[in-house]
Amino acid sequence: MSRLDAARAATQHQKAWFAETARRARAGDPIALVNADAPHEVLRAFDVPYVVNQWWASIIAAKRLGPASMRKVAEAGLPDHSLQYDAMPLGAQDLPVEEQPWGGLPDPAFAIADSHGDVTHKIFEQWGRRPGTETYQLSRTGADPVPPRWWELVPREWETAFGTDRLDLLQGEIEELIGWLEERTGRRFDEDRFVEIMRLANEQAEWNRRTRELLAQARPAPVLVNDTIPAVMVPQWHRGTQWAVDAAHRLHDEVAQRIEDGVAVCPGERRRLMWIGRGLWSDLDLYQRFQEEFGAVFVWSMYLAIAADGYVRYGPDPLRALAARFVGLTDLLYVPPWSAEWYVKEARTHGVDGVVHLVADDTPGGGFISEALEAEGIPVLEIRANNADSRSTDAARIPERIADFLRDRVPARG
Amino acid sequence: MSDADAPRIGIIGDDVPRQLVFAAGAVPRRLLGSWHEPVTPEAAELLGTVDAAAGRVLDDLLAGRHDDLSGLVVCHDSQANLRIFYVLRILAQRGRVPFPVHLVDVPRVSANAPARCFVSRQYARLLDFCAQVTGNRTDLTSLRRAAEQERELGRALEAMRERRRAGDCTGTEALTAYLLAATEPPEVAVSAVAGAGGATAPGATRVHLTGSNHPDAEIYRALEATGDVVVVGEDHDTGDGAWLGVAADGSSIDEVTDALTDAHLARPAAATGGLAEARAGHTLRRATHTRARAAIALVREHDDAPVWDLPRQRQALRDHDIALVARTRIPSGDAAATAARESLADLRELLATAGADA
Ligand code: SF4
Ligand code: SF4
């Protein structure tokens, strides 16, 4: 199966973009380090390039610099066992520059995070202790209320979806962040530009929505599920640019073309599967391993689906819309009953025959998700990774367990 | 109605102004869990990997040990507690827990205007929730009466802290009194606190305790039973850090909730919500105030926040010649007492070297 051109183009673009951003930073332009849930669009309106902490961690990990980075964290007296992925870039920053990936990340002027969990704000506090970097922290509130069918509410009725109080708080803090950045950059917040950024972000989300719809309908599946991930995620970090809109558009057209050409990941598709949970980065081939024997194809992952449903926000007040984009983005994926309802909806629209659910140990109520799917008659294989030991042994047995599951519980289509 | 018949409202976490609960005619009961008992597989599956003390709180609820509660308030003061809320919200809907569950979400990242407004609305909602549970209307009179009652506890606690500082109350006694104060009706609480005393071992090293909170007094007992140390203070949220004895006045209900908001936002940083810098400052202030010679940090496995504070705490204390020993990732069960004893051995060694240096 040939890779998607959109995926290749995205990866290439990211390299060139990083090189240019690093060059600008070395020439004295401020750049920012942000976490994935921070309101990136504000930085874009200030023309402050930003690097997403989790993306940078994935590059560090891919270059096998994770252990060396965590040793640096430990040398600073900080824990190397807690929220490792989010802490990894902090350690990597202390590696000799020639060892760092992609020529190294120049010290950011700003580190901006929402203080989600018990530790994220402390990691970003450490960034702020480094010379040349200042930290800004946003509050993170819990998912309350959780009205049903969030995906119908978030595009326009976000006040109902998230509640006015939560939105007021985040909007107020974003406004303060804008003042903070104006002071530090000496630039004025360009509202017209910001409106345009928000418009482009919605356009990108609309393309992702169309692509997701195509893939939900297509029989047989025309693309490998892991191939859409970079094609969706990289443009997500460039949200609010014309390039990102074009990239989402390109992905859509390529998928449409494949469907028209009758391309199939597995022409003998007999079982359609959904993968719930983080990607299994250590074993991406796993997704294809069940095609030969079972005609089983993974047709869904959360990355495209959340890009399709999670980001669109329409409304007259762009700052309010931005607050509404980030106030509960990860809650949509991880907090039951929201998560459970949404997975059921996606499983049905994609005509899924079975679900492999990698239950994360850092989210609550994973069992409610499996239960909701089973209640709809969709068989679920739960893979739990609760501690380091069981994680490694379970990982070794995942293929076997999936094979057993397919054999015993997921009947082949006619 | 006497307190004995008053409905009980369970509290998970430490962000609830108890005055509001009393004013609605209920008695708050903090649910604490345990450092010693293992978490059942059911609670572990529901919560994912969390601090065992939090896991035990859910276990107790699932086992029906708090079925006499009329309502439950869960604070978003840690990730573990937020997860408990998410899980209980669903279980309450299904009738698995027989009372309504309410979230109190009062972030302390910043004390700016939007945060203040959000917290104040949260406290107003909390007051509504409590009134719904009890069926009583809250008014200025009940708020005033509740304030007096909570302040009486506050005065008793202050006097206990003074006794403790003067060497007339052990850490074990003080912690036990704090735990009772957080869980029992006011009269019981006040008399427990007033009665807390007990001579400290002569020559024992004065230590400040930081790290995870203590849902029971076993570790304190293990430490003090050696006669080597006396715990003169702590900064975790079941001891000196607990939000007890605080109340506010005002000429309207809104003024009271606003004043409680200010009081909340002015609290010293907690391990989970706070930044290391602020935590270190607070630890140092407490340790010097109680004339501690050393500090011990004991941190449970999966309670990660306190570990991020350690380097700054150590540095701040060292500048004042206060040694810090730390044990982290302590599993539940007997390992906890063992870790406490090991920390004492570390401490002896550290103080001996410090003495030799001097
Ligand atoms: S949701 Fe939490 S773990 Fe995931 S990226 Fe955001 S901060 Fe990191
Ligand atoms: S059924 Fe087998 S041979 Fe046919 S496409 Fe799928 S994997 Fe390939």
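This structure is a prediction, so every number in the text was calculated from the model and none was measured. Chain letters run A, B, ... following the sequence lines, proteins first, then strands; residues in each count from 1. Basis for what follows: all heavy atoms, side chains included, without hydrogens, waters or symmetry-related copies.
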Region of B/R312 in contact with chain A, defined by heavy-atom distances below 4.5 Å | side chain
Side chain, backbone, both or neither of A/A143 within contact of chain B (heavy atoms, under 4.5 Å) | both
Do any N or O atoms from the side chain of B/D304 and from the backbone of A/S82 form a donor-acceptor pair under 3.5 angstrom?
-> no
Can you tell me if CG on B/D319 sees more than 12 non-hydrogen neighbours from other groups inside 6.0 Å?
-> yes
Distance (rounded to the nearest 0.5 Å) between A/W338 CH2 and B/Y86 OH | 8.5 Å
Using non-hydrogen atoms only, which part of B/L91 is less than 4.5 Å away from chain A: side chain, backbone, both, or neither?
-> side chain
For chain A, which of B/L103, B/D77, B/I90 has the most heavy-atom pairs under 4.5 Å?
-> B/I90
So, the part of A/Q171 with a heavy atom under 4.5 Å from chain B: the answer is neither
For A/E175, is it the side chain, the backbone, both, or neither that has a heavy atom closer than 4.5 Å to a heavy atom of chain B?
-> neither
Rounded distance (nearest 0.5 Å) linking atom CG of A/L169 with atom OG of B/S110 = 7.5 Å
What option among A/P79, A/G365, A/G77 has the most heavy-atom pairs under 4.5 Å with chain B?
-> A/P79
Is a salt bridge present between A/D144 and B/R89, judged by a nitrogen-to-oxygen distance below 4.0 Å?
-> yes
OG1 of A/T363 to CG of B/L47, rounded to nearest 0.5 Å, is 10.5 Å
Between CG of B/D309 and CD of A/E125, what distance do you get to the nearest 0.5 Å?
-> 8.0 Å
Partner of A/P364 by side chain to side chain contact (heavy atoms under 4.5 Å, CB included), out of B/L88, B/L58, B/V87 = B/V87
In short, B/W308 meets A/L90 closest at the heavy-atom pair CZ3-CD2, 4.4 Å
What are the two closest non-hydrogen atoms of A/R129 and B/E277, and how far apart are they?
-> NH1-OE1, 2.9 Å
What's the spacing between B/R83 CZ and A/D362 CG if we round to 0.5 Å?
-> 6.0 Å
Looking only at heavy atoms, what is the nearest atom pair of A/T141 and B/H76, with distance?
-> C-CE1, 4.0 Å
Is it the backbone or the side chain of B/L46 that comes under 4.5 Å from a heavy atom of chain A, or both, or neither?
-> both
Residue selection (most heavy-atom pairs with chain A, distance under 4.5 Å) from B/I84, B/L310, B/V307 = B/V307
Which portion of A/F368 sits near chain B, non-hydrogen atoms under 4.5 angstrom = side chain
Stepwise side chain to side chain contact (heavy atoms under 4.5 Å, CB included) check, B/D105 with A/R166 = CA-CA 10 Å; B/D105 193 352; A/R166 294 184 78 192; 5.7 Å; no
Take atom CD of A/E159 as the centre, draw a 6.0 Å sphere, and report whether it contains more than 12 heavy atoms from other residues, nucleotides or ligands.
-> yes
Using non-hydrogen atoms only, which part of B/R125 is less than 4.5 Å away from chain A: side chain, backbone, both, or neither?
-> side chain
Could you tell me which of A/A76, A/P336, A/G367 has the largest number of non-hydrogen atom pairs under 4.5 Å with chain B?
-> A/P336
Please round to the nearest 0.5 Å and tell me the distance separating atom OG1 of B/T272 and atom NE2 of A/H121.
-> 7.0 Å
When you measure from the side chain of A/K122 to the backbone N and O of B/A271, does any donor-acceptor pair fall under 3.5 Å?
-> yes
Under 4.5 Å between any side-chain heavy atoms of A/L78 and B/P311, yes or no?
-> yes
Highest number of heavy-atom pairs under 4.5 Å with chain B among A/G142, A/P337, A/S115 belongs to A/G142
Contacting region of B/P107 [heavy-atom separation from chain A under 4.5 Å] | side chain
